[in-house]
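One structure is given below, encoded as structure tokens.
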Amino acid sequence: MSIVNPASNYGTVTIVGVGLIGASLGLALKKAGVVNKVLGVGRSADNLDQALKLGAIDGIVDLVDAAKQSDVIVLCVPVAQMRTAFEVLEPHLESRTLLTDAGSTKGDVILAAKEVLGKKACQFVPAHPIAGGAQHGAGAAKVDLFQGRQTIICPLQENSPQDIALVEGFWQSAGAIVKQISGVQHDAIYAAVSHLPHLLSYALMASVVNSEDAEQKLHHVGAGFKDFTRIAASSPEMWRDICLANRTPILKELDQYLAMVSHLRTLIANHDGAGIEKIFKKASQARQDMDGF
Ligand SMILES: NC(=O)c1ccc[n+]([C@@H]2O[C@H](COP(=O)([O-])OP(=O)(O)OC[C@H]3O[C@@H](n4cnc5c(N)ncnc54)[C@H](O)[C@@H]3O)[C@@H](O)[C@H]2O)c1
Ligand SMILES: O=C(O)C(=O)C[C@]1(C(=O)O)C=C[C@@H](O)C=C1
């Protein structure tokens, strides 16, 4: 590892997938002054040009050059693209290079890293910033996206304490508050608090759009509908990949949710006001309490 002082410089950092998350990370690292240069790998020339113009990256490389030149490589592509990225990187990956990622699911990415990187999997410290938004592409990047927000890291048994500390410091230098949990815990928790809400938001939007009087309804929406469906404007590719990658925990949460909706349906059909209010009171209190932490 060529990083001399991890607290102050991460050398040459390559971001693979310079979209909302990747470009925001580039901007944050450069603003923090903790990198010599940030290189970008992408699949769309227009998006990479935009990232260059915004100053999120200093140059464009391909994955093979990234493997040879970088001190840190951050995979910020949709989770279904991670395996291919590991496959291209592996033969050229220098032992000094650290890998981390921003993927919203961890089990599938960790499995791909172990299967493809083999012994080199010790160089990969999985991560997930809990910050983002419904917009996508470099044009949506924000320098302070990670500021004061959690980034979860899910270290592998193969990782050295030094590499875990380096990756922790790396995300902290972008402004994040880093927490460690296992990949299994991560996927169970985020199925409930991130993946399910996105699925429900898409489902509500799709249900209204597919209804006969969709236009009429959409012309009359208020803040409640807009709040609930804000995240239905998110990247369909990214969320397709997340749903498929984390399907077992998502299906568990979805079944639990459907049971609650079905119970509420019965209470409404039975004019059971007390039953409805009991559930709403508990949910309302929990939602108000959440603002306190
Ligand atoms: N958007 C969020 O709220 C959010 C939050 C946390 C983590 N994430 C995760 O971060 C990653 C990136 O999400 P995003 O919101 O920045 O998406 P995005 O669509 O804004 O950016 C992804 C970028 O990756 C590029 N890309 C796709 N496949 C590629 C490939 N094979 N090689 C090189 N580049 C490729 C795309 O062209 C795009 O520029 C995803 O894994 C996502 O699950 C997203
Ligand atoms: O801010 C938003 O719009 C988000 O949806 C961000 C959000 C989430 O909170 O669910 C989305 C996906 C992630 O992997 C992490 C964060």
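Numbering of residues begins at 1 and proceeds along the displayed sequence. As the structure lists them, so they are numbered: ligands from 1, and atoms in each ligand from 1.
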Salt bridge or not between E90 and K120? Use side-chain N to carboxylate O under 4.0 Å.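 A salt bridge is present here (some side-chain N lies under 4.0 Å from a carboxylate O).
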Which atoms from ligand 1 have a heavy atom of [X] less than 4.0 Å away?
| X | answer |
| --- | --- |
| V79 | 41 (O) |
| H128 | 6 (C), 7 (C) |
| G133 | 1 (N), 2 (C), 3 (O) |
| H136 | 18 (P), 19 (O), 20 (O) |

What residues form a ring-ring contact (aromatic ring centres under 6.0 Å, His included) with H136, not counting sequence neighbours? none
Looking only at protein heavy atoms, which one is nearest to [atom], and what is the separation?
| atom | answer |
| --- | --- |
| atom 44 (C) of ligand 1 | M238 CE, 3.3 Å |
| atom 22 (C) of ligand 1 | C76 O, 3.8 Å |
| atom 6 (C) of ligand 1 | P129 O, 3.1 Å |
| atom 8 (N) of ligand 1 | S104 OG, 3.3 Å |
| atom 29 (C) of ligand 1 | V77 CG1, 3.6 Å |

Which one holds for E237 and ligand 1: side chain close, backbone close, both close, or neither close, with close meaning a heavy atom under 4.0 Å?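 It is neither part, as no heavy atom is under 4.0 Å.
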Have a look at ligand 1 and work out which part of N47, if any, has a heavy atom under 4.0 Å from it: side chain, backbone, both or neither.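 Answer for N47: side chain.
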Should L98 and L29 be counted in the same cluster of Ile, Leu, Val, Met, Phe, Trp and Tyr side chains packed under 4.5 Å apart? yes
Quick check for you: to the nearest 0.5 Å, what is the distance between S70 atom OG and R96 atom CZ?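 Rounded to the nearest 0.5 Å, the OG-CZ separation comes to 7.5 Å.
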Using a 4.5 Å cut-off between side-chain heavy atoms of Ile, Leu, Val, Met, Phe, Trp and Tyr, which other residues end up in the same hydrophobic cluster as F280?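 F280 clusters with M260, L264, L267, I268, I276, I279.
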Would you tell me whether D289 and Q285 have side-chain atoms, one donor and one acceptor, within less than 3.5 Å of each other?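 D289 vs Q285: donor-acceptor pair found between side chains.
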Output all residues satisfying side-chain hydrogen bond (donor to acceptor under 3.5 Å, both in side chains) with D108, sequence neighbours left out; order by chain, then residue number.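 Result, side-chain hydrogen bond (donor to acceptor under 3.5 Å, both in side chains) vs D108: T105.
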What class does the angle between the rings of W239 and H198 fall in, given that below 30° is parallel, 30 to 60° is tilted and above 60° is perpendicular? parallel
Tabulated below should be the N or O atoms of ligand 2 paired with protein N or O atoms at under 3.5 Å; can you produce that?
| unit_1 | atom_1 | unit_2 | atom_2 | d |
| --- | --- | --- | --- | --- |
| ligand 2 | 3 (O) | R230 | NH1 | 2.9 |
| ligand 2 | 3 (O) | R230 | NH2 | 3.1 |
| ligand 2 | 5 (O) | H198 | NE2 | 3.1 |
| ligand 2 | 10 (O) | S194 | OG | 2.6 |
| ligand 2 | 14 (O) | S104 | OG | 2.6 |
| ligand 2 | 14 (O) | H128 | NE2 | 2.5 |

So is A131 in contact with ligand 1, going by heavy-atom distances below 4.0 Å?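 Yes, A131 has a heavy atom closer than 4.0 Å to ligand 1.
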Can you tell me which residue among R230, M205, K217 is in a side-chain contact (heavy atoms from CB on, under 4.5 Å) with F225?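 By the side-chain contact (heavy atoms from CB on, under 4.5 Å) criterion, F225 pairs with just one of R230, M205, K217: M205.
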Salt bridge (charged side-chain N to carboxylate O under 4.0 Å, His left out) partner of D58, chosen from K37, K30, K53: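 Running salt bridge (charged side-chain N to carboxylate O under 4.0 Å, His left out) over K37, K30, K53 with D58 returns exactly one hit, K30.
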Shortest non-hydrogen contact from L52 toward G59: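 That closest heavy-atom pairing would be CD2-N, 3.7 Å.
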Heavy-atom pair of closest approach, residues L244 and R247: O-NH1, 2.6 Å
